[in-house]
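Taking it in order: structure first as structure tokens, then the write-up.
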Amino acid sequence: MGLQYLIIGCFFLLNPYFSIIDLIPDFIGCIFLLKGLAKVSKISVAFQDAFAQFRNLLILTLARMFTTPLIIDTKEVWPLVIVFCAGLGEAFFAIRGFVQIFDGLNSTACASDDALYNRWSETRQFTIVFLVERQVLCILPELSMLSSDEYGIVTPDGIQSLADYRWIFTFIAMVLSLFVGIAWFLQIRKYFKAIVQDQRYQDNLARLYQDHYANVSSIYISAQLKTALLLLMAGVILSLELIFDGVNYLPHIIGAVFIAIAAFKLADLPKGAPNEAKKAGRYALLYGIVSLPRLVLSIIFTYRIFGEYLNSEQETLQVPYAVVLQEYLARDFDAIYTMIGLFVLSLAEAVLMILMIRSLYLMLKDVVNNHTRVAVQPTAQHSIPDWIRQEDEFVVAMKRWLPIFWVLGIIAAVSMPIATAAPAFFPSYWLIDTILRALWVFSGYYLISKLRDETQSHYSIYEREDLHELTH
């Protein structure tokens, strides 16, 4: 059920802070904790709340990392403000998260002699103490920042301020916090390890997961669709291009990976055509992999012919990339061969993109036919003639936007090799290519977002019915 990941997550939380700096990043620990709670959050409200708290903690710890450069400022109180505010927030989310984990373990127990009751209370209390102590020992040394060269103890050598000893206080606090953190980790590791090895409890969790989630088909399908379509939407958005001087600074492989993950997730659904989704995932991965050689070659080529202009700060050397490229193509055979190579690679990439988009079109069409109101057989309405009856708004939108998505995708793919060769003949074509790619991304975003809203609305009714049957 994934509870073993909780042990790894706790390891990344045992380390102390060095002022603002997190020596072993907490956000990695949060990722493992979320991984450990992913399944059990489907069967317990307490585990679900714990998942939400550690998700908030992940966001806060990532935000704290961006303030690291402020640690060197010893004449301002910004480090104190940051560690104080971030420390309160982290302690709040972490304490709530771990308390909910313990409550979730308690609520899912199947017998009073389960391993989770062995030192349950002591481990819970020690965890709360550690989480508070960790932030307190981080904040206390920073209080010395309230002193300055103008206030302190007057000595023959001048005014002695507590701020002069900030790093000494920080080091002492780190050592104390590390000892407490190691002791806490050893205890909670032993506790979680015993739970993971308790086969009866693990079997009970698996049974609860099947009864409350996997076997409740509408809830399972709805959750899978929500995640998959969100990933697919992100993949389409990340398929935009940021091309400057012949180099795409938003590599296609990033969007392709998101699309592939979404397609493979849709392939696991109990209803639909998994083969088409698997094809879409494979084509997306191939498309991303083939895009890498062209990306690397374009970077090398650009810096070879345009490097001195990119690195120059002199206004007199600011020359358009297309002008320099045309000069090299007129006198350098290596430049000609490289451009031919880039064109061939972009052509192969375009073919794979067309195959990927075709499979995505069929995959999304399958989702429409099996997981939306289209899948519900309409009631007979013999009294209303067909030429009067209005077609469903969602059906009309899908009939319109699915072909638009498909056609614009083909046009964007065909435009890719043209845009690769265009700087040598038609430098302004980059704008046309950007517009075509943006139109395809917009159509995909609109289509998938509308489909995602519809699937959630469609399955919300069945979720209530399944839950009603489950409670009876």
Side-chain angles (χ1 to χ4, degrees), residues 2-37 50-51 53-54 56-58 60-62 64-65 67-68 71 79 82-84 86-106 115-144 165-198:
L3 292 180
Q4 65 273 15
Y5 291 104
L6 298 180
I7 300 175
I8 304 174
C10 289
F11 172 77
F12 285 92
L13 298 183
L14 73 87
N15 66 292
Y17 281 106
F18 181 75
S19 184
I20 300 173
I21 299 176
D22 189 6
L23 301 178
I24 304 178
D26 282 7
F27 78 88
I28 300 177
C30 292
I31 293 173
F32 279 105
L33 289 170
L34 292 174
K35 174 68 174 175
L37 293 168
F51 187 92
Q53 300 304 322
F54 285 117
N56 295 336
L57 182 62
L58 171 64
L60 185 57
T61 52
L62 284 173
R64 181 171 181 161
M65 289 182 62
T67 65
T68 300
I71 190 176
I82 292 168
V83 297
F84 183 78
L88 289 179
E90 289 182 17
F92 175 78
F93 291 130
I95 290 172
R96 286 198 60 181
F98 276 105
V99 166
Q100 291 301 320
I101 286 178
F102 286 108
D103 289 347
L105 293 171
N106 183 33
L116 62 91
Y117 287 118
N118 185 20
R119 299 181 64 82
W120 180 85
S121 179
E122 295 87 342
T123 306
R124 175 178 169 145
Q125 291 174 2
F126 192 8
T127 298
I128 296 174
V129 170
F130 163 69
L131 294 173
V132 173
E133 164 273 332
R134 184 171 182 251
Q135 299 299 336
V136 168
L137 288 180
C138 176
I139 295 171
L140 284 178
E142 299 300 325
L143 292 175
S144 62
Y165 304 98
R166 176 191 175 195
W167 302 123
I168 297 176
F169 296 149
T170 301
F171 177 75
I172 295 173
M174 281 183 59
V175 173
L176 292 174
S177 182
L178 182 60
F179 276 119
V180 178
I182 292 173
W184 167 76
F185 175 71
L186 291 175
Q187 180 166 336
I188 201 166
R189 176 184 176 276
K190 183 178 179 181
Y191 177 73
F192 283 147
K193 189 175 181 180
I195 292 174
V196 171
Q197 293 176 347
D198 187 344

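Remember, predicted model here, so these are calculated numbers, not experimental data. FYI, side chains are in, hydrogens and waters are out, and symmetry mates aren't considered; it's all heavy atoms of this structure.
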Open item on the list: Could you check whether any side-chain heavy atom of Ile31 comes within less than 4.5 Å of a side-chain heavy atom of Tyr5, counting everything from C-beta outward?
Closed with: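 Ile31 does not reach Tyr5 side chain to side chain.
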Task: Test item: Leu6 and Leu37 side chains (from C-beta on) under 4.5 Å apart, heavy atoms - done: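 Yes, their side chains come closer than 4.5 Å.
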Task: For Gly97 against Ala50, the heavy-atom pair lying closest together - done: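 So the two residues come closest at O-CB, 3.5 Å.
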Task: Minimum heavy-atom distance Phe192-Cys10, with the two atoms named - done: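 Taking every non-hydrogen atom into account, CE1-SG, 3.9 Å.
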- [ ] Sequence neighbours left out, what passes side chain to side chain donor-acceptor pair (under 3.5 Å) with Asp103? Give chain and number order.
- [x]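 Arg124.
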Task: Within the 6.0 Å centroid threshold, strictly below: Phe12 and Phe185 - done: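 No, the ring of Phe12 stays outside the 6.0 Å limit from the ring of Phe185, centre to centre.
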Task: Exceeds 12 heavy-atom contacts within 6.0 angstrom, atom CZ of Phe102 - done: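 Yes, enclosed.
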Just how far is it from atom [atom1] of [X] to atom [atom2] of [Y], taken to the nearest 0.5 Å?
{"X": "Leu57", "Y": "Leu62", "atom1": "CG", "atom2": "CG", "answer": "9.5 Å"}
{"X": "Leu131", "Y": "Glu90", "atom1": "CG", "atom2": "CD", "answer": "10.5 Å"}
{"X": "Leu105", "Y": "Ile195", "atom1": "CG", "atom2": "CD1", "answer": "4.5 Å"}
{"X": "Phe130", "Y": "Phe98", "atom1": "CZ", "atom2": "CZ", "answer": "8.5 Å"}
{"X": "Leu60", "Y": "Asn56", "atom1": "CG", "atom2": "CG", "answer": "9.0 Å"}
{"X": "Arg189", "Y": "Ile7", "atom1": "CZ", "atom2": "CD1", "answer": "6.5 Å"}

TODO: Report the residues that fulfil side-chain contact (heavy atoms from CB on, under 4.5 Å) with Ile182, sequence neighbours left out, ordered by chain and then residue number.
DONE: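 In terms of side-chain contact (heavy atoms from CB on, under 4.5 Å), with neighbours along the sequence ignored, Ile182 is linked to Leu14, Leu178, Leu186.
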Task: Positive for side-chain contact (heavy atoms from CB on, under 4.5 Å) with Leu33, one of Ile8, Ile28, Leu13 - done: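 Of all the options given, the one that passes is Leu13.
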